Undergrad: 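Below is the structure I would like to discuss, written out as structure tokens.
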Amino acid sequence: MSFRTHWADNVQESLITQTITIAGWVQRRRDHGGLVFVDVRDRTGLVQVVADPRNPMFKVLDSVRPEFVVSITGTVQQRPEGMGNRDIASGSVEIVPNLVKVLSESKTPPFMPQEAESVDELMRLKYRYLDLRRTSLFHNFELRDRVLFSLRSFFHEQGFLDVETPALARSTPEGARDFLVPSRVQPGQFYALPQSPQIFKQLLMVAGFERYYQIAKVFRDEDLRADRQPEFTQIDVEMSFVDREEILRLMEAMMKQIFWDALDVRLPDFPRMTYKDAMHQYGSDKPDLRAGEALVDLSDLAHQTEWNVLRQATYTVGVRCRQYAPSRKQLDEWTQFAKDLGSRGLVWMTKAEDGIRCSATKWLDSEFQEKISATANLEIGDTLFLVSGDDPRPFEVAGQIRLEFARRENRMESGWRFLWVTEFPLFEWSEEEQRLTSAHHPFTMPMEEDRSLIAVDPTAVRSEAYDVVLNGIELASGSLRIYQSEVQQNIFSALGLSDTEIQEKFGFLLQAFQYGAPPHGGIAFGLDRIVMLMAGAKSLREVIAFPKTARGTDPLMEAPSTVADSQLAELGIQVQGRHPEK
RNA sequence: GGAGGCGUGGUGUAGUCGGCCUAACACGCAUGCCUGUCACGCAUGAGAUCACGGGUUCGAAUCCCGUCGCCUCCGCCA
């Protein structure tokens with residue numbers, strides 16, 4: 001006799017009078033003395049088993065406790081009139097057992113899986129296997145599986161090859177902090193876990209693989225967030241002999257495919273926006289298009305006023321809050337919100353039946369207020385917030401106010417608002433290091449028409465880099481790569497790298513490029529983030545089976561941990577200032 | 001590195017402006033009763049060094065200092 005002939009959710013009226021076997025965990029026991037009900041849960045759902053004292057299995061069934069593992073053979077019967085349960089798929093029937101096997105007993109669990117949602121996250125991670133018994137959490141992993149299946153078939157059909165690249169690689173400068181792995185055979189030397197398979201996939205293009213993809217684990221030793229784990233999964237893609245349009249078109253097709261396959265959602269074409277427009281219209285390089293209309297640039301008007309604060313600021317940006325009449329207290333909160341973000345202040349303006357009210361009446365006459373109102377296209381009942389300053393602060397602050405307003409006032413639209421952001425800057429100035437750094441990475445192709453600026457005005461140079469944004473979250477980032485060595489040289493010298501440094505850090509790649517590098521480009525998607533958004537989850541922990549805490553620990557395995565001195569000795573490593581116990 | 005929130009039986013919380021706390025409630029657990037429940041019901045019971053360390057006080061879950069842990073955000077994450 002097998003452990004199981006049917007899944008819980010498949011126990012339906014069509015099986016009435018048949019003898020079947022189900023297996024799973026005891027979710028709940030309801031003991032009525034003369035009648036006992038047991039809900040058995042498997043990964044599909046619940047099914048009710050019922051027995052009365054005349055049933056030879058009554059005593060066994062009555063003895064089970066939550067989370068016992070059972071296999072139950074019995075007859076499917078219709079539930080009595082009015083006794084159905086609409087909340088479960090098998091709710092119109094139940095099983096009368098003729099064999100109840102307790103396969104495994106369970107201690108009283110620290111929490112019941114179905115109540116785990118309200119349990120402290122630390123507890124949930126420590127007993128992750130109990131947490132994962134929740135049907136709702138399991139559904140996230142089913143979704144993840146459907147997405148992966150869809151992805152692989154898409155790539156396979158499009159002629160992409162799944163190629164694995166090393167997890168033990170070389171530490172490269174730039175980018176995130178590396179996780180290091182000491183080498184035993186080469187004492188004092190270290191591998192680095194890859195932040196991305198970037199170099200390898202470019203080498204595969206030089207190798208003539210043409211179309212590569214990989215579902216790759218990558219590692220970044222930076223501080224964590226709800227949407228950031230130290231190790232996560234990328235859908236890594238690289239293609240040769242393609243231009244930007246072709247990459248964008250294919251990758252957009254891929255996203256549409258997985259939404260269709262995994263969620264039955266038909267996505268419309270993704271709108272495009274340049275980085276500059278994104279910053280000026282939404283104050284962010286990842287605009288959330290659900291949060292209402294764009295910011296309004298009132299700089300030209302602001303420069304005409306006598307009021308120095310506005311006149312001298314490079315930019316004055318407005319956030320339009322439609323049909324919003326904030327209280328005095330709320331206005332103070334908004335002012336504080338803007339200040340916390342680094343704005344020197346916040347001007348507000350509301351348009352009412354009897355005219356405009358404004359926090360800066362002292363400095364802005366009513367005629368000017370009318371002008372602003374007209375330019376911002378205010379209607380009666382609207383509120384406008386104005387932020388002034390020098391680029392890019394006012395846009396960023398206004399963008400944050402726009403988002404926070406939509407959140408606080410429940411104005412966030414629903415739906416999947418995808419967006420391509422293009423023409424990212426090639427370089428950015430690092431205040432910390434006091435030098436120019438690559439915004440994406442040093443192999444990113446500058447835009448043809450901006451190449452002459454590389455030496456004279458590097459931060460004005462735009463690149464062939466692009467992001468996919470969904471509902472204000474960055475899902476993917478990619479670029480065309482440089483394949484001509486003279487362009488690469490220009491970039492390196494703009495970054496202030498000496499020939500020695502270049503050879504030391506990127507020599508192997510540059511050498512490869514001397515043997516015939518095809519034009520190529522690619523992109524990498526954050527798979528976990530995609531699944532998180534598709535599942536409607538608030539944290540990556542909901543779509544990763546064994547995630548880390550915000551401090552990078554795993555409470556289940558208790559990783560990281562100390563290791564034996566002999567292990568360290570083998571590696572030639574001495575630990576400084578080790579915590580005595582832990 | 002910085003800011004905020006949280007830490008009280010197995011779980012979730014109340015108590016936190018010092019004494020009414022011999023720490024309350026719900027769920028869970030145990031025992032008993034109950035033949036149509038599905039968050040079953042009823043009764044009885046067990047179960048807490050109030051995160052840890054130090055201090056103030058006649059008296060600390062409660063006030064002060066420090067430490068640890070979890071969560072969120074900023075920095076950081078090409």
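Since we're looking at a predicted model, the values are computed, not measured. Numbers restart at 1 for each chain; the letters A, B, ... are given by sequence-line order, proteins then strands.
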Undergrad: Could you please name the option among B/C77, B/A30, B/C70 that lies closest to any side-chain atom of A/Arg220?
TA: B/C77
Undergrad: Rounded to whole Å, please give me the gap between CG in A/Asp227 and C1' in B/C74.
TA: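 Result: 14 Å.
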Undergrad: Between A/Arg54 and B/U35, is there a contact of a side-chain N or O with OP1 or OP2 at under 4.0 Å?
TA: no
Undergrad: For A/Glu67 and A/Arg133, run salt bridge (Lys or Arg N to Asp or Glu O under 4.0 Å): C-alpha distance rounded to whole Å, both residues' side-chain angles, the deciding distance at 0.1 Å, then the answer.
TA: CA-CA 10 Å; A/Glu67 303 309 316; A/Arg133 282 183 191 169; 2.8 Å; yes
Undergrad: Is the aromatic ring of A/His32 within stacking range of B/C34, meaning centres under 5.5 angstrom and planes under 30 degrees?
TA: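 So A/His32 does not count as stacking on the base.
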Undergrad: Which part of the nucleic acid, if any, lies within contact of A/Asp87, taking any heavy atom under 4.0 Å across all strands shown: a base, the sugar-phosphate backbone alone, or nothing?
TA: nothing
Undergrad: Using the closest heavy atom to pick a nucleotide of RNA chain B for each, name whichever of A/Gln195 or A/Arg65 lands nearer the 5' end.
TA: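 Of the two residues, A/Arg65 wins.
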Undergrad: Counting only side-chain heavy atoms from C-beta out, which of B/A30, B/C77, B/C38 sits nearest to A/Arg228?
TA: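 Minimum distance to the A/Arg228 side chain belongs to B/C77.
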Undergrad: Would you indicate what A/Pro66 reaches in the nucleic acid, counting non-hydrogen atoms under 4.0 angstrom: base, sugar-phosphate, or nothing?
TA: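 Answer is sugar-phosphate: A/Pro66 comes under 4.0 Å of backbone atoms only.
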Undergrad: Using whole Å, report how far CG of A/Leu130 lies from C1' of B/U11.
TA: 12 Å
Undergrad: Looking at B/A30, B/G69, B/C77, which one has an atom nearest to any side-chain atom of A/Ala176?
TA: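 Nearest nucleotide to the side chain: B/C77.
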Undergrad: Check the distance between B/C70's P and A/Arg551's CZ and give it to me in whole angstrom.
TA: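 Going from CZ in A/Arg551 over to P in B/C70 covers 6 Å.
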Undergrad: When you look at A/His441 and A/Arg481, which way does the side-chain hydrogen bond (donor to acceptor under 3.5 Å, both in side chains) test go after all the steps?
TA: CA-CA 9 Å; A/His441 58 60; A/Arg481 328 295 185 192; 3.3 Å; yes
Undergrad: Name the nucleic acid region contacted by A/Arg28, choosing base, sugar-phosphate or nothing; use a 4.0 angstrom heavy-atom cut-off, strictly under.
TA: sugar-phosphate
Undergrad: Which class fits the ring pair A/Tyr275 and A/Phe424: parallel under 30°, tilted 30 to 60°, perpendicular over 60°?
TA: tilted
Undergrad: Take atom CZ of A/Arg407 as the centre, draw a 6.0 Å sphere, and report whether it contains more than 12 heavy atoms from other residues, nucleotides or ligands.
TA: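 More than 12 heavy atoms, drawn from other residues, nucleotides or ligands, come within 6.0 Å of this atom.
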Undergrad: Any idea which of B/U11, B/C29, B/C76 is nearest the A/Glu222 side chain?
TA: B/C76
Undergrad: Can you identify which nucleotide, out of B/C73, B/G12, B/U35, has its nearest atom closest to the A/Ala226 side chain?
TA: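 Selected nucleotide (nearest to the side chain): B/C73.
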Undergrad: A/Leu46 has an atom CG; how far is it from atom C1' of B/C40, in whole Å?
TA: 16 Å
Undergrad: Can A/Phe37 be said to stack with the base of B/U37, given centres closer than 5.5 angstrom and planes under 30 degrees apart?
TA: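 Ring-base stacking flag set for A/Phe37 and B/U37.
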Undergrad: Looking for any heavy atom pair under 4.0 Å, which part of the strands does A/Ser196 touch: base, sugar-phosphate only, or nothing?
TA: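 A/Ser196: base contact, heavy atoms under 4.0 Å.
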Undergrad: Does a nitrogen or oxygen in the side chain of A/Thr549 sit under 4.0 Å from OP1 or OP2 of B/C70?
TA: yes
Undergrad: For B/C71, does either OP1 or OP2 sit under 4.0 Å from a side-chain N or O belonging to A/Arg225?
TA: no
Undergrad: Does B/U72 have OP1 or OP2 sitting under 4.0 Å from an N or O in the side chain of A/Arg541?
TA: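 True: A/Arg541 side-chain N/O within range (under 4.0 Å) of B/U72 OP1/OP2.
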Undergrad: What does B/C27 pair with, Watson-Crick or G-U, if both distances are under 3.5 Å?
TA: B/G10
Undergrad: Please determine, for B/A3, whether a Watson-Crick or G-U wobble partner exists with both distances under 3.5 Å, and give it or none.
TA: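 Its partner is B/U72.
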Undergrad: To the nearest Å, give me how far apart CG (A/Leu224) and P (B/C71) are.
TA: 9 Å
Undergrad: Just checking A/Gly478: base, sugar-phosphate only, or nothing, at a heavy-atom cut-off of under 4.0 Å?
TA: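 Since no nucleic acid heavy atom lies under 4.0 Å of A/Gly478, the category is nothing.
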Undergrad: Between A/Asp120 (CG) and B/U13 (C1'), how many Å, whole number?
TA: 13 Å
Undergrad: Treating A/Ser493 as the side-chain partner and A/Gln489 as the backbone partner, does any N or O pair qualify as donor plus acceptor under 3.5 Å?
TA: yes
Undergrad: Check whether A/Asp554 reaches the backbone of A/Lys548 with its side chain - one donor and one acceptor, N or O, closer than 3.5 Å.
TA: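 Not a single qualifying donor-acceptor pair exists.
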Undergrad: Is there a Watson-Crick or G-U wobble partner for B/G19 with both distances under 3.5 Å, and which nucleotide is it?
TA: B/C58
Undergrad: Could you tell me how far apart A/Arg29 (CZ) and B/C34 (C1') are, to the nearest whole angstrom?
TA: 13 Å
Undergrad: Do you know the tightest heavy-atom contact between A/Trp420 and A/Leu248?
TA: CZ2-O, 3.4 Å
Undergrad: B/U37 phosphate, OP1 or OP2: any side-chain N/O from A/Arg30 under 4.0 angstrom?
TA: no
Undergrad: Could you check which of B/G69, B/G28, B/U11 has an atom nearest any side-chain atom of A/Leu122?
TA: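 Nearest to the side-chain atoms of A/Leu122, counting from C-beta on, is B/G69.
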Undergrad: Could you tell me if A/Arg220 sits above the aromatic ring of A/Phe232, with its cationic atom closer than 6.0 Å to the ring centre and no more than 45 degrees from the axis?
TA: no
Undergrad: Look through every strand shown and name the nucleotide pairing with B/U35 as Watson-Crick or G-U wobble, where both distances are under 3.5 Å.
TA: none
Undergrad: Look at the side chain of A/Asp221 against the base of B/C77 and say whether a donor-acceptor pair falls under 3.5 Å; ignore hydrogens and angles.
TA: no
Undergrad: Between the base of B/U11 and the side chain of A/Arg124, is there a donor-acceptor distance below 3.5 Å?
TA: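 For A/Arg124, whose side chain was compared with the base of B/U11, there is no donor-acceptor pair (under 3.5 Å).
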Undergrad: Counting any heavy atom closer than 4.0 Å, what does A/Glu94 reach on the DNA or RNA strands: base, sugar-phosphate only, or nothing?
TA: base
Undergrad: Assign A/Pro80 to base, sugar-phosphate, or nothing according to its heavy-atom contacts below 4.0 angstrom with the strands shown.
TA: base
Undergrad: Could you work out which one of B/U35, B/U37, B/G75 sits closest to the side chain of A/Gln48?
TA: B/U37
Undergrad: If you only use heavy atoms from C-beta on, which nucleotide in B/G69, B/G12, B/U35 is closest to the side chain of A/Asp52?
TA: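 Closest of the options to the side chain of A/Asp52: B/U35.
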Undergrad: Using a heavy-atom cut-off of under 4.0 Å over every strand shown, decide if A/Thr437 touches base, sugar-phosphate, or nothing.
TA: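 No contact.
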Undergrad: Round to a whole Å and report the spacing from CE of A/Met123 to C1' of B/U8.
TA: 13 Å
Undergrad: Does B/C70 have OP1 or OP2 sitting under 4.0 Å from an N or O in the side chain of A/Thr553?
TA: yes
